[in-house]
There are 2 protein chains.
Amino acid sequence: MGDIPRISEAEWEIMKLIWKSSPITSDEIISSLSDKMNWSGQTVKTFINRLLKKGAIGFEKSGRNYLYHPIVSEKECIKAENKSFLERVYDGTVSMLFSNFLEDEPLTDKEIEKLQKLLEEKKAERI
Amino acid sequence: MGDIPRISEAEWEIMKLIWKSSPITSDEIISSLSDKMNWSGQTVKTFINRLLKKGAIGFEKSGRNYLYHPIVSEKECIKAENKSFLERVYDGTVSMLFSNFLEDEPLTDKEIEKLQKLLEEKKAERI
DNA sequence: AATTTAAGTTTACGATTGTAAACAAAATAT
DNA sequence: ATATTTTGTTTACAATCGTAAACTTAAATT
């Protein structure tokens, strides 16, 4: 929970997969990402290794294979990334962030309604 | 409008200031940021120069000084950054992004109401 | 058992980034 | 005019990142 290592753009791809599908073998990671991302198997291996060194993921041997699993949680990584993004781009002003995304990104009716509900909750919660 | 150069975290600080206060001298940039960011004047100069080389900013001479101004617009940079962040962290799912920020970030009542209005507009707009 | 293959480890290499020192040129102060 | 200060330019250097090849070891195939 303490200090999250810095995770690069490419490494985020790996992490997302590991969070979603852990425990997972390197083989599965490679099959899943090398096409989608246009990475050679070696490249994927490098990313996996860097994440190991950074302590972002771990593994345990299962037969001759490694099964990788996250060490840092998705939640805390996302939170850290949110914060850094919000600071960097919006100087910490959340409402600007929201209006920008609202303007630029398409949302389905369902998504809008869900957000409205969330906002209501948020308002209620604080009374 | 075409291709935005990649702007690093430190460079974003410079850009934000230039967008806000252009035309601006290096001296003003340095005074404004070296304290706030704990950067030496030289470091700030390096960032300014890199932004020049990347074509993100330009200058015109005014006497012996340079007056810096943005070349890439704030809007397009923010948009690019939004997109890359949304992709990297949320795999493009805006609604997830929203719920996360809503959960973690405090919002004033006014901000919430403004967002609700925006959502209403967004909904109306699409009918 | 010997050879091929698969999986993990080490090394590589150029680009970018954060951090600045060193240098040059021009303006200001003495 | 000369020295000093300011401002812009060039060079530096270690860390990270994207990209992968080379090497090693263990397992699977023949």
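Naming: A, B, ... by sequence-line order, numbering from 1 per chain.
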**Student:** Rounded to whole angstrom units, what separation is found between the CG atom of A:Leu51 and the P atom of D:dT16?
**Tutor:**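 Atom-to-atom, A:Leu51 to D:dT16, this comes out as 14 Å.
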**Student:** Can you see if the side chain of B:Ser8 gets near the phosphate of C:dG18 - specifically, an N or O under 4.0 Å from OP1 or OP2?
**Tutor:**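 Answer yes for this pair, as a side-chain N or O of B:Ser8 is under 4.0 Å from OP1 or OP2.
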**Student:** Checking all strands, does B:Lys54 fall into the base, sugar-phosphate, or nothing category for heavy-atom contacts under 4.0 angstrom?
**Tutor:**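 Sugar-phosphate contact only - B:Lys54 comes under 4.0 Å of backbone atoms but never of a base.
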**Student:** Taking the side chain from B:Trp19 and the backbone from B:Val72, do they hold a donor-acceptor pair closer than 3.5 Å?
**Tutor:**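 Yes: the side chain of B:Trp19 pairs with the backbone of B:Val72.
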**Student:** Base, sugar-phosphate alone, or nothing: which one does A:Arg50 contact when heavy atoms must sit under 4.0 Å apart?
**Tutor:**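 Base, at least one base heavy atom under 4.0 Å.
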**Student:** Between B:Leu119 and A:Leu119, what is the shortest heavy-atom contact and its length?
**Tutor:**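 That closest heavy-atom pairing would be CD1-CD1, 3.5 Å.
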**Student:** Report the distance from atom CZ of B:Arg6 to atom P of C:dG18, rounded to the nearest whole Å.
**Tutor:**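 Answer to the nearest Å: 11 Å.
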**Student:** With a cut-off of less than 4.0 Å, is there a side-chain N or O of B:Tyr66 near OP1 or OP2 of C:dA26?
**Tutor:**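 Result: no.
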**Student:** Quick one: A:Lys61 NZ to C:dG8 P, roughly how many Å, whole number?
**Tutor:**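 Whole-Å distance recorded here is 9 Å.
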**Student:** Could you tell me how far apart B:Ile29 (CD1) and D:dT6 (P) are, to the nearest whole angstrom?
**Tutor:**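 Value for this atom pair: 18 Å.
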**Student:** Which of the following nucleotides, D:dG18, C:dT9, C:dG18, is nearest to the side chain of B:Ala10?
**Tutor:**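 In terms of side-chain proximity for B:Ala10, the closest of D:dG18, C:dT9, C:dG18 is C:dG18.
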**Student:** Please state how far atom CE in B:Met37 lies from atom P in C:dG18, giving the value in whole angstrom units.
**Tutor:**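 From B:Met37 CE to C:dG18 P: 12 Å.
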**Student:** Applying a strict under-4.5 Å side-chain criterion to I, L, V, M, F, W and Y, I'd like to know whether A:Leu52 and A:Trp12 cluster together.
**Tutor:**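 Yes; A:Trp12 is reachable from A:Leu52 via cluster members.
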**Student:** Does the side chain of A:Thr46 get closer than 4.0 angstrom to OP1 or OP2 of D:dG18 through an N or O atom?
**Tutor:**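 Result: no.
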**Student:** Just distance, no hydrogens or angles: give the donor-acceptor pairs under 3.5 Å from side chains in residues 95-106 of chain A, sequence neighbours left out.
**Tutor:**
| from | atom 1 | to | atom 2 | distance (Å) |
| --- | --- | --- | --- | --- |
| A:Ser95 | OG | B:Glu111 | OE2 | 3.2 |
| A:Ser99 | OG | A:Ser95 | O | 2.7 |
| A:Asn100 | ND2 | A:Met96 | O | 3.1 |

**Student:** Is there a side-chain contact between B:Thr43 and the phosphate of C:dA20, meaning an N or O under 4.0 Å from OP1 or OP2?
**Tutor:**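 Indeed, a polar side-chain atom of B:Thr43 lies that close.
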**Student:** Write down the distance between CD (B:Gln42) and C1' (D:dA12), rounded to a whole number of angstrom.
**Tutor:**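 So the two atoms are 12 Å apart, to the nearest Å.
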**Student:** What's the separation between atom OG in B:Ser32 and atom CE in B:Met37, rounded to the nearest 0.5 Å?
**Tutor:**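 The distance works out to 9.0 Å.
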**Student:** Could you tell me whether the phosphate oxygens of C:dG18, OP1 or OP2, come under 4.0 Å of any side-chain nitrogen or oxygen in B:Trp39?
**Tutor:**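 Indeed not, no polar side-chain atom of B:Trp39 lies that close.
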**Student:** Look at A:Ser26 and C:dG8 and indicate whether a side-chain polar atom (N or O) is within less than 4.0 Å of OP1 or OP2.
**Tutor:**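 Answer is yes, contact under 4.0 Å.
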**Student:** To the nearest Å, give me how far apart CD1 (A:Ile48) and C1' (D:dA20) are.
**Tutor:**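 My rounded result for the distance is 14 Å.
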**Student:** Identify whether any heavy atom of A:Asp27 sits under 4.0 Å from a base atom; if not, whether one sits that close to sugar-phosphate; answer base, sugar-phosphate or nothing.
**Tutor:**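 The residue A:Asp27 makes sugar-phosphate contact but no base contact.
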**Student:** Quick check for you: among C:dT17, D:dG8, C:dT19, whose closest atom lies nearest to any side-chain atom of B:Glu11?
**Tutor:**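 Selected nucleotide: C:dT17.
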**Student:** Take the protein atom CD1 of A:Ile57 and the nucleotide atom C1' of C:dG8, then report the distance between them rounded to whole Å.
**Tutor:**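 The answer, rounded to whole Å, is 12 Å.
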